[in-house]
Amino acid sequence: MLDRLRHEIDKCDAILIETLARRLEIASCVATYKQGNGLAIYQPEREADVLSKVIGSLEDKTYYLDIQELYSRIIQLSRRIQLSKLFPYNIVLIGFMGSGKSTVGPHIARISGRSFYDVDICIEEKAGQTIETIFRTKGEAYFRTLERQVIESLKDVCNSVIACGGGAVLDKQNVAFLKEKGKLIWLDVTPETVYTRLGRINNRPLLKDKRIDDIKILIDERNAGYSAIADYKIVTDDKPIAVVTADTLSLITR
Ligand code: S3P
């Protein structure tokens, strides 16, 4: 009995594997078509449509939640394949504090099926201290050394999303390294937005007790640098995470 059932499973697998490989190959061809015709690689409406067709076509709903989960994953893998084909680089997010790098980064990673690395979090893990404490007890120069070490430790990371702290790219060595490892996407932001997003959080040592005018001076100083090294720029003010994500994916696969 068990042997017979297992034999049936093997037969299902043979069909699934062949169909799945064919489906992913077609997804890859779709990527080329979309790029050639200026269409967005990430089309949430089309994906919702695919998912609802799949669920709608199920006569027996016993496993519908499981099939829905599996399909969501297949769709994510298709996206990953499409993106890797059109953009086989790391997505490196740069920009001022509060521009959304650490918020949007995980979302871009999830949507594109990529891994996410947050340089600030890696620094805190390496030091066993928060960034605030590192700045307060050991100073900024020490923090920058850790930052450079963490960035260098990402040397084997590929096809991933990396969020850098706002000051990481003030260092020429970091810039050279990151440019070799990926494309730099500058999340641009106004002082007003930074103030609204971070004004009360107060956990950025360089922004402690700063007013909008101070933030403006700092942003103006930094923006020339961001602009000079960025491969792409996305304005993030007033944009929900999903929109920044969609804008980013469409910009880099155009
Ligand atoms: C810094 C930005 C911070 C953090 C540190 C210094 C900077 O990261 O690395 O407080 O110099 O701009 P976020 O840009 O993620 O806030």
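Note: hydrogens, waters and symmetry copies are ignored here, and every other heavy atom, side chains too, is used. Counting convention: from 1, in listed order, for ligands and their atoms alike. Nothing fancy with the numbering, it's 1 onward along the sequence.
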Check: [Y] main-chain N/O paired with [X] side-chain donor or acceptor under 3.5 Å:
{"X": "Lys216", "Y": "Glu192", "result": "no"}
{"X": "Lys181", "Y": "Lys155", "result": "yes"}
{"X": "Asn90", "Y": "Val157", "result": "yes"}

Can Arg136 and Glu132 be said to form a salt bridge (Lys or Arg N to Asp or Glu O under 4.0 Å), step by step? CA-CA 6 Å; Arg136 188 164 36 78; Glu132 252 185 306; over 6 Å; no
Step by step, work out the side chain to side chain contact (heavy atoms under 4.5 Å, CB included) result for Arg110 and Phe116. CA-CA 8 Å; Arg110 193 170 56 73; Phe116 176 64; over 6 Å; no
Do Leu154 and Ile123 belong to the same hydrophobic cluster, where Ile, Leu, Val, Met, Phe, Trp and Tyr are linked whenever their side-chain heavy atoms lie under 4.5 Å apart, directly or via other members? yes
Run through all N or O atoms in ligand 1 and write down each protein N or O closer than 3.5 Å, as a pair with its distance.
residue: ligand 1; atom: 8 (O); partner: Asp120; partner atom: OD2; Å: 2.6
residue: ligand 1; atom: 9 (O); partner: Asp120; partner atom: OD1; Å: 2.8
residue: ligand 1; atom: 9 (O); partner: Asp120; partner atom: OD2; Å: 3.3
residue: ligand 1; atom: 11 (O); partner: Arg144; partner atom: NH2; Å: 2.7
residue: ligand 1; atom: 11 (O); partner: Gly167; partner atom: N; Å: 3.4
residue: ligand 1; atom: 11 (O); partner: Arg222; partner atom: NH2; Å: 2.9
residue: ligand 1; atom: 12 (O); partner: Gly167; partner atom: N; Å: 3.1
residue: ligand 1; atom: 12 (O); partner: Arg222; partner atom: NH1; Å: 2.7
residue: ligand 1; atom: 12 (O); partner: Arg222; partner atom: NH2; Å: 3.4
residue: ligand 1; atom: 14 (O); partner: Lys101; partner atom: NZ; Å: 2.7
residue: ligand 1; atom: 14 (O); partner: Gly166; partner atom: N; Å: 2.7
residue: ligand 1; atom: 15 (O); partner: Asp120; partner atom: OD2; Å: 3.0
residue: ligand 1; atom: 16 (O); partner: Arg204; partner atom: NE; Å: 2.5
residue: ligand 1; atom: 16 (O); partner: Arg204; partner atom: NH2; Å: 3.3

